[in-house]
Amino acid sequence: MTAANSPRYDHSRTEHARRKKVIAGGVNSNVRLHGAPVPLTFIRGEGALLWDVDGNAYIDYAAGMGPMVLGHNHPSVTAAVKESLVSGQLFAGQHQREAEFAEALVDALPWIESIRMGMSGTEMDLLAVRIARAATGHRKIVRFAGHYHGWLDPLFVDMSVTTDPLAPVPLTAGQSASAATDVIMCEWNDLAQLERAFEDDDIAGVLMEPVMCNVGLIPPSAGYLEGVKALCRHHGALFIVDEVITGFRLGLRGAQGFYGIHGDISIYAKAIASGFPLAVLATSAELLAGVGSGEINHSGTYNAGVSSVAAGVATLRFLIDNDPYPQMDRLTCQLADGLRRLDAELGVGLVVDHIGGSMLQTRFGKPGPMASRAEFAANSDDDRLARFLGHLQDLGVRPTSRGLWFVSAAHDEALIDKSLEAARQALRQL
């Protein structure tokens, strides 16, 4: 019996059908539309494990798409949130945990002086654009094919299409064509193309993931970040680094600490509060002065909600005080090396990309590091990856749907070994 009609997912099918009657597509993020054999319904998470409504248990490497750096239901985080609920949830004013969180973050990241909090990376990326325009007097933003900075019109365009830097940027249905004229799309790791983009003298900022994580796991080429920063300096544009995924994944100081180069503005979300809605724009006091005076608008009813900031404080304190990174790095290397050994044994064409930290990418295709979205797409067998991930899910192991794996502080050697045994069985079924 195939997974498509296996009773293993019957209750998830029932729940999905129920949702579809009242929720468009049965999901509340389009990323979840294509769950196979059906978008699953979960009832509980604990540590590195998830359970669905059918009672199936999964070793979780999706990690909420990255946020669960400490694992699900971490006692330090849940205790802090429970304690905060006694005092209330939302005051239309400030609370003391805001300063505690900001002080801890500024102390941990030496290149920042001041922050603003919101609920999502999307919001903070848009605030970064607003600050860049106010600071430079320019209008356009350069971004890169395959990178993701939220779903709203001022930054979202068709990420899969590479154009000449000054060509019109392709859109998806319903988007504002006029907003898209503010976006210049370049290919990742192509410094010469970025130089040509700067022939347009109206660029306010360059916005990037410091490691491409939304299509593959593609690091910057040697000298690329330095070259981008130098171009920004020369042309008076701001260098904006979106660490929504890489922040607190490539070590406490994220990709900027990992590579030893930082931007003018940094964006953090996901792992910063263990799954609670919290995002941060971090930069210099000078660049945030206009926001602080009210000249540049940043608003939001739910910004710095009590429970979210309590979760952020607890997450930061645990990461700083307990330093789980050596163990997470070791386990991620163990997982990556084990998957590579399985491919050497079985010869199925599995490629494992791991640059360091607690993330790795699995794909099928040409071995060796990829440099861009286009190269990754041309050398990846998406159908084979989907079948591999489907078999893994049936065997109780759950990476993300694009083959990106997140290891948390809750994983251990026994779970890695169990995951590798499941991978062995899944690869044999291809």
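Residue numbers run from 1 in the order of the sequence given. Nothing here was measured: the structure is a model prediction, and the numbers come from that model.
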Cut-off 3.5 Å, no hydrogens considered: what does the side-chain donor-acceptor table look like for residues 40-54, sequence neighbours left out?
residue, atom, partner, partner atom, Å
Thr41, OG1, Arg19, NH1, 2.7
Thr41, OG1, Arg19, NH2, 3.4
Glu46, OE1, Asn73, ND2, 3.0
Asp52, OD1, Asp54, N, 2.9
Asp52, OD1, Gly55, N, 3.1
Asp52, OD1, Asn56, N, 2.9
Asp52, OD1, Asn56, ND2, 3.4
Asp52, OD2, Asn56, ND2, 3.0
Asp52, OD2, Tyr58, OH, 2.6
Asp54, OD1, Asp10, N, 3.3
Asp54, OD1, His11, N, 2.7
Asp54, OD1, His11, ND1, 3.0
Asp54, OD2, His11, N, 3.3
Asp54, OD2, Ser12, N, 3.0

Under the rule for ring-ring contact (aromatic ring centres under 6.0 Å, His included), what residues qualify as partners of Phe144, not counting sequence neighbours? His147, Trp188

Please list, one pair per line, the donor and acceptor atoms closer than 3.5 Å that link side chains of residues 94-109 to other protein atoms, with sequence neighbours excluded.
residue, atom, partner, partner atom, Å
His95, ND1, Arg97, N, 3.4
His95, NE2, Ala304, O, 2.7
Glu98, OE2, His95, N, 2.7

Expected output: side-chain Asn189 to main-chain Ala371 donor-acceptor under 3.5 Å: yes

Which value, rounded to the nearest 0.5 Å, describes the distance between Met212 atom CE and Arg373 atom CZ? 8.0 Å

Hey, could you give me each pair passing side chain to side chain donor-acceptor pair (under 3.5 Å) that has a residue in residues 241-252? Not counting sequence neighbours. His149-Asp242, Glu243-Thr246, Glu243-Gln256, Arg249-Ser358

Do Val211 and Ile355 have side-chain heavy atoms sitting under 4.5 Å apart? yes

Once side chain to side chain contact (heavy atoms under 4.5 Å, CB included) is applied, do any residues pair with Met68, and if so which ones, sequence neighbours excluded? Ala63, His72

Consider only side-chain N and O atoms of Asp394 and Tyr9, and report whether a donor and an acceptor are under 3.5 Å apart. yes

Any donor-acceptor pair under 3.5 Å linking the side chain of Arg363 with the backbone of Lys366? yes

Taking every non-hydrogen atom, the tightest pair across Gly137 and Asp202: O-OD1, 4.5 Å

Between the OG atom in Ser266 and the CG atom in Leu281, the distance rounded to the nearest 0.5 Å is 8.0 Å

Pro277: which residues meet the side chain to side chain contact (heavy atoms under 4.5 Å, CB included) condition with it, sequence neighbours left out? Met119, Ser308

Polar side-chain atom of Ser380 near backbone of Asp382 as donor-acceptor pair, under 3.5 Å: no

Check whether more than 12 heavy atoms from other residues, nucleotides or ligands sit under 6.0 Å from atom NZ of Lys229, and answer yes or no. yes

Under a 4.5 Å cut-off applied to non-hydrogen side-chain atoms, are Pro219 and Tyr259 in contact? yes

Is the shortest side-chain heavy-atom distance between Ser408 and Val69 below 4.5 Å? no

Quickly, which of Asn214, Val215, Leu217 forms a side chain to side chain contact (heavy atoms under 4.5 Å, CB included) with Arg402? Name it, please. Asn214

Near Glu83 CD, under 6.0 Å, is it more than 12 heavy atoms from other residues, nucleotides or ligands? no

Is Glu15 salt-bridged to Lys20, going by a charged N under 4.0 Å from an acidic O? no

Got a sec, which pairs hit side chain to side chain donor-acceptor pair (under 3.5 Å) with one end in residues 294-304, sequence neighbours left out? Arg116-His298, Asn297-Ser299, His298-Asn303

Side chains of Trp405 and Thr362: any donor to acceptor distance under 3.5 Å? yes

By ring-ring contact (aromatic ring centres under 6.0 Å, His included) - contacts of Phe388 (at least two apart): Phe364

Report the residues that fulfil side chain to side chain contact (heavy atoms under 4.5 Å, CB included) with Asn30, sequence neighbours left out, ordered by chain and then residue number. Leu33

One should read off an interatomic distance between Asp329 CG and Gln334 CD, to the nearest 0.5 angstrom, of 13.0 Å

Tightest non-hydrogen contact, residues Asp153 and Ser176, listed as OD2-N, 3.0 Å

Do Lys140 and Asp182 meet the salt-bridge criterion of a basic N to acidic O distance under 4.0 Å? no

Polar side-chain atom of Asp381 near backbone of Asp383 as donor-acceptor pair, under 3.5 Å: yes

Compute whether any side-chain donor of one residue and acceptor of the other, for Ser120 and Glu123, lie under 3.5 angstrom apart. yes

With heavy-atom distances below 4.5 Å as the criterion, would you say the side chains of Pro110 and Arg253 are in contact? yes

Just by modelled atom types, is the Ser84 backbone N or O under 3.5 Å from a matching donor or acceptor in the Ser87 side chain? yes

Answer yes or no: is there a side-chain heavy-atom contact under 4.5 Å between Phe156 and Thr122? no

Which side chain to side chain donor-acceptor pair (under 3.5 Å) pairs, counting each pair once, include a residue from residues 271-292, with sequence neighbours left out? Ser274-Thr315

Under the ring-ring contact (aromatic ring centres under 6.0 Å, His included) test, residues paired with Phe198 that sit two or more places apart: His235

Nearest 0.5 Å please: distance from the CD1 atom of Ile131 over to the CD1 atom of Ile240. 8.5 Å

Has His138 got a side-chain atom pairing as donor or acceptor with Ile203's backbone, closer than 3.5 angstrom? yes

Any chance you could measure Met124, atom CE, to Ile265, atom CD1, to the nearest 0.5 Å? 11.0 Å

Please answer whether the main-chain N or O of Met185 pairs with a side-chain N or O of Arg143 as donor and acceptor at a distance below 3.5 Å. no

Check step by step if side chain to side chain contact (heavy atoms under 4.5 Å, CB included) holds for Met370 and Asn379. CA-CA 9 Å; Met370 300 288 105; Asn379 293 285; 3.9 Å; yes

Supply the atom-to-atom distance Thr78 OG1 to Phe276 CZ, rounded to the nearest 0.5 angstrom. 8.0 Å

Take atom CZ of Arg18 as the centre, draw a 6.0 Å sphere, and report whether it contains more than 12 heavy atoms from other residues, nucleotides or ligands. no

Side-chain contact, heavy-atom cut-off 4.5 Å: Leu191 with Leu231? yes

Pairs meeting criterion salt bridge (Lys or Arg N to Asp or Glu O under 4.0 Å) with involvement of residues 257-282, two or more places apart: Arg233-Asp264

Minimum heavy-atom distance Ile59-Ser419, with the two atoms named: CD1-OG, 3.5 Å

Side-chain donor-acceptor contact under 3.5 Å, Thr172 with Asp158: no

Decide side chain to side chain contact (heavy atoms under 4.5 Å, CB included) for Cys213 and Met359; before the verdict, give the C-alpha distance in whole Å, the side-chain angles of both, and the deciding distance to 0.1 Å. CA-CA 9 Å; Cys213 296; Met359 304 180 291; 4.2 Å; yes

Closer than 3.5 angstrom, by distance alone: can the side chain of Arg340 be matched with the main-chain N or O of Val352 as a donor-acceptor pair? yes

